[in-house]
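Down below is the structure, laid out as structure tokens.
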Amino acid sequence: MKSNYLKITPLFIVLLAVNFCFMSCDDDDGVGASVSINETGSDFGGDVTGNGGSTQQVYTWNNPEFTVDWNMDITATPGSSFNLRIDDTDDRNVLDQTLRVGLGDDSRSGVSLPGARGQWTITVTLTDFNGDGSFSISPGD
């Protein structure tokens with residue numbers, strides 16, 4: 001009887017470990033956030049969605065001009081925030097805007113500060129984001 005107990009115990013331990021991993025490693029609560037990009041010609045933009053999660057995505061975009069025209073908007077629950085940061089080719093910040101639900105407007109637009117032409121860095125950060133939104137960037141005049 002003792003040898004059967006020893007043969008079953010390792011199998012039981014393996015099954016228990018596999019079951020624990022499935023229970024703890026699976027993202028059952030579905031919390032997440034994402035950014036999808038739409039790039040058309042010289043225009044750059046995207047959609048943001050989330051169900052309580054956070055993410056930060058960084059992109060490069062070629063700006064043939066010295067400024068950008070930009071727009072961003074959200075429809076989300078209180079506590080959600082959406083940050084759009086743009087740095088020029090010399091890593092100089094030309095735009096840093098955040099929309100927070102319940103604290104100000106749910107949309108903004110304008111023209112960035114001037115920067116150097118070339119590869120610009122666009123950083124999109126969603127924090128505790130539950131809802132959707134969008135942003136667009138195009139070369140300035």
*Considering non-hydrogen atoms only, spot the tightest contact between Pro139 and Ser42 and give its length.*
CD-O, 3.4 Å
_Nearest non-hydrogen partners of Trp70 and Val111, listed with the distance_ = NE1-N, 3.5 Å
*Under the side-chain hydrogen bond (donor to acceptor under 3.5 Å, both in side chains) rule, collect the residues that match up with Ser81, sequence neighbours excluded.*
none
Tabulate below the donor-acceptor pairs under 3.5 Å that side-chain atoms of residues 115-122 make, not counting sequence neighbours, or state none.
residue: Arg117; atom: NE; partner: Pro64; partner atom: O; Å: 2.9
residue: Trp120; atom: NE1; partner: Ala116; partner atom: O; Å: 2.6

*Pairs meeting criterion side-chain hydrogen bond (donor to acceptor under 3.5 Å, both in side chains) with involvement of residues 56-65, two or more places apart*: Thr55-Gln57, Gln56-Thr125
*Pair listing, side-chain hydrogen bond (donor to acceptor under 3.5 Å, both in side chains) test, anchored in residues 97-116, at least two apart*: Asn83-Thr98, Gln97-Arg108
Using 0.5 Å steps for rounding, measure from the [atom1] atom of [X] to the [atom2] atom of [Y].
| X | Y | atom1 | atom2 | value |
| --- | --- | --- | --- | --- |
| Asp132 | Asp47 | CG | CG | 8.0 Å |
| Ser80 | Leu126 | OG | CG | 9.0 Å |
| Ile86 | Thr67 | CD1 | OG1 | 10.5 Å |
| Asp87 | Asn93 | CG | CG | 5.0 Å |
| Asn71 | Asp69 | CG | CG | 10.0 Å |

*asked:* Please enumerate all residues that pass salt bridge (Lys or Arg N to Asp or Glu O under 4.0 Å) together with Asp128, with sequence neighbours excluded.
replied: none
*Looking at residues at least two apart in the chain, or sitting in another chain, which of them share a salt bridge (Lys or Arg N to Asp or Glu O under 4.0 Å) with Asp96?*
Arg85
*Check against side chain to side chain contact (heavy atoms under 4.5 Å, CB included), Thr49 and Phe129*: CA-CA 7 Å; Thr49 58; Phe129 196 80; 5.7 Å; no
*ILVMFWY cluster, Ile37 and Val68 together (side-chain gap under 4.5 Å)*: yes
_Applying a strict under-4.5 Å side-chain criterion to I, L, V, M, F, W and Y, I'd like to know whether Leu113 and Leu84 cluster together._
yes
*Flag, side chain of Asp88 to backbone of Asp90, donor-acceptor distance under 3.5 Å*: yes
*asked:* Less than 4.5 Å apart, side chain to side chain, heavy atoms only: is that true for Pro114 and Val94?
replied: no
